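The structure under discussion appears below in the form of C-alpha cells.
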Amino acid sequence: MSDDKRAIDPWNSTLPADYETLMAEFGIEPITDELISAFPSTHRLLRRKVEFGHRDLLRIVDSIRRNEAYAVMSGIKPTGEFHLGTMMTAEEIIFYQSLSDKSVAHYCIADLEAFADNGIPLEESHEIAVGNVADLLALGLDYKRAYIYKQSEERLVQKLAFIFSTAVTFNMLEAIYGPKQIKYYLSALIQVGDIMLPQTEEYGGPKPVLVPVGIDQDPHIRLSRDIAKKFKFVPPSAVFHKLTRSLLGEEKMSKRNPMSMMTLSDDPKLAERKIWSALTGGRGTVEEQRRLGGEPEKCVVFELMTNHFIDDDDELRKIYWECKTGARLCGDCKSQLADIVSSFLRKHQQKREGLMDLARNIVEGER
Ligand code: SF4
C-alpha cells in the first residue's frame with residue numbers, strides 16, 4: 001500500500017504527500033472559488049483551501065439558500081486535551097452552524113472508540129470529555145442549537161450501528177479500511193450511527209448532514225454514504241481539511257505524541273517554547289536565507305499561522321513574501337507567533353475555566 005493510501009486511515013499517523021492524487025483516486029471534489037463564493041460568508045480555512053475537498057457540499061449550500069434544515073456533525077475521541085487538529089474541526093462545526101438559523105450541530109464524544117482504540121475506560125474518558133466540551137464552548141459553539149452526547153449513552157447510535165451491520169460484509173469493510181481487528185470495524189459502524197443520527201425521526205427526520213473532517217476520516221464517509229443509500233437516508237456531505245502536521249513536521253498532530261503537539265491547555269510559556277523548536281522552512285545560515293529566501297511551503301510555523309492564528313489575509317501574504325525574498329528570518333516569525341499564541345491561550349483558558357460547570361452539565365445530560 002502506498003504512503004498516501006495509508007494516510008487515508010482513521011487510526012494511523014501517516015501524512016499524505018499529495019492531496020491531489022488522493023482526491024482523484026477516491027473521487028473527492030475540489031473546493032473551487034465558485035463554491036466558496038456560494039456561501040453567505042467565509043472562513044479562513046475555506047478561503048485558504050485548507051479545506052481542500054468535499055463530497056456533496058452543494059447540498060448544504062442549497063439548504064442555506066432555501067432556508068431549510070441541515071445538520072453539521074462531528075466529534076472528538078476523548079483521549080486527552082484539545083490540540084490544534086481537534087480545534088480545527090471544532091472551528092468548522094462552529095462556522096457551518098453559524099451560516100443559518102436552521103442548522104443544528106451534533107457533536108459526538110466518541111468514548112466507545114476511545115475505549116476500543118486507546119483502552120481508556122469510560123469513567124476516565126468522561127472526565128476528559130468535560131474538558132473537551134468546555135474547549136468547544138469557549139471556541140464559540142452555540143450549544144442551544146447543538147446536541148452533544150457520549151456514544152456510550154446514546155442508545156439510538158448503538159441501535160443504528162446494529163441495524164447497519166445487517167447491510168455490510170467483512171469484504172466491504174476490508175475493502176474500505178484494510179484488514180483490521182473487529183474492534184475497529186465495530187467502531188466504524190458506531191461512527192456511521194453517529195453520522196446518521198441527525199436524520200432519524202427522533203432528531204427531525206431525513207435532512208442534509210455535513211461532516212467536516214480530516215481526509216484520514218474519509219473511509220467513514222464512504223461507508224456512511226453507502227449505507228445511507230441502502231436505508232433511505234440522505235447521503236451525508238463532507239468537507240475535508242488538510243491534516244495538521246505535528247510541530248516537528250514528521251506526522252499528523254495527534255495525542256499519541258504529546259511533545260510534538262500543541263494543546264489548548266498548554267501553559268502559554270510551554271507553548272512558546274514549542275514554537276521556538278518547531279520545524280521551519282528556513283535555510284542553514286542567515287546569509288543563505290537573506291540570499292535565497294525561506295521555504296514557507298515546508299514550514300510548520302507558517303502553517304500554524306495560516307491554519308490557526310492569523311486571520312488577516314493581507315498580513316499572511318506579507319509574511320509569505322517577506323519570507324520568500326529573504327526579508328524575514330525565522331526568529332521574526334517565531335517571536336510573532338509565540339506572542340499571538342500565548343495571548344490566545346491565556347484568553348481561551350480563562351473562558352474555558354468559566355464554562356467547566358456548563359460543560360459538565362451538558363456531558364452529564366443535565367441541561
Ligand atoms: Fe517559516 Fe517564517 Fe522561516 Fe519563512 S521566515 S521559513 S515563514 S519561519
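Atoms within each ligand, like the ligands themselves, are counted from 1 in listed order. Because only heavy atoms are used, hydrogens play no part in the values below, and waters and symmetry mates are left out as well, while side chains stay in. Position 1 is the first residue of the sequence; numbering continues from there. From a predicted model like this one, the values you see are computed outputs, not experimental measurements.
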### Query
Mind checking whether Val192 and Leu160 have side chains closer than 4.5 Å, heavy atoms only?
no
### Task
Please state whether Met305 comes within less than 4.0 angstrom of ligand 1, counting heavy atoms only.
no
### Task
Give a yes or no on whether Phe162 atom CZ has more than 12 heavy-atom contacts from other residues, nucleotides or ligands under 6.0 Å away.
no
### Query
Are Asp33 and Lys49 within salt-bridge range, i.e. N to O under 4.0 Å?
yes
## Note on the structure
So the atoms of ligand 1 within less than 4.0 Å of a heavy atom of Gln289 turn out to be 3 (Fe), 5 (S)
#### Entry: Carboxylate-amine/guanidinium contact Asp62 Arg59, below 4.0 Å
no
### Query
Which bit of Lys298 is near ligand 1, meaning a heavy atom under 4.0 Å away: side chain, backbone, both or neither?
neither
### Query
Listing residue and atom name, which protein N/O/S atoms are closer to atom 2 (Fe) of ligand 1 than 2.8 Å?
Cys333 SG
#### Entry: Worked verdict on Gln97 versus Tyr107 for side chain to side chain donor-acceptor pair (under 3.5 Å)
CA-CA 11 Å; Gln97 181 198 42; Tyr107 195 76; over 6 Å; no
### Task
If the plane angle is over 60° it's perpendicular, under 30° parallel, otherwise tilted; pick one for His106 and Tyr203.
perpendicular
### Query
Have Thr263 and Glu81 got a donor and an acceptor in their side chains that come within less than 3.5 Å?
no
